[in-house]
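First up is the structure itself, then whatever we jot down about it.
The figures that follow rest on heavy atoms only: side chains count, while hydrogens, waters and symmetry mates do not. None of the values given here were measured: they were computed from a predicted structure.
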Amino acid sequence: MDYFDNGVLDADNLDPALKENGNRIPLTEQEKEDLIAFMKALSDSGFVGK
């Protein structure tokens with residue numbers, strides 16, 4: 001999450017929404033924690049590796 005908050009590398013195919021916002025998605029610490037919790041909820045350890 002810090003990668004998007006701190007700024008991503010510029011590229012020709014970088015989404016214009018990122019370019020218009022200094023190549024970053026500003027996130028609060030709470031938003032980062034919420035996104036990480038959401039992504040962890042998508043994990044299924046019983047399925048991974050099959």
Side-chain angles (χ1 to χ4, degrees):
M1 297 293 103
D2 289 335
Y3 175 75
F4 293 106
D5 188 23
N6 293 332
V8 300
L9 295 176
D10 196 12
D12 291 338
N13 63 346
L14 186 63
D15 189 307
L18 279 171
K19 288 185 178 195
E20 293 168 5
N21 203 30
N23 291 7
R24 61 186 295 261
I25 301 172
L27 299 168
T28 66
E29 289 304 313
Q30 184 62 55
E31 289 169 326
K32 291 177 192 178
E33 290 174 17
D34 292 345
L35 282 168
I36 291 168
F38 172 72
M39 288 187 281
K40 286 182 177 180
L42 298 175
S43 299
D44 181 353
S45 59
F47 179 78
V48 174
K50 290 188 178 184

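Not counting sequence neighbours, the partners of K32 by the side chain to side chain contact (heavy atoms under 4.5 Å, CB included) test are M1, D2, D5, L27, E29. For Q30, the side chain to side chain contact (heavy atoms under 4.5 Å, CB included) criterion is met by T28, E33, D34, not counting sequence neighbours. Under the rule for a side chain to side chain contact (heavy atoms under 4.5 Å, CB included), the partners of N21 that lie at least two apart in sequence or sit in another chain are P26.
The residue from D12, L14, V8 that alone fulfils the side-chain contact (heavy atoms from CB on, under 4.5 Å) condition with D10 is L14.
In this structure, N6 CG and I25 CD1 are separated by 12.0 Å, a value rounded to the nearest 0.5 Å.
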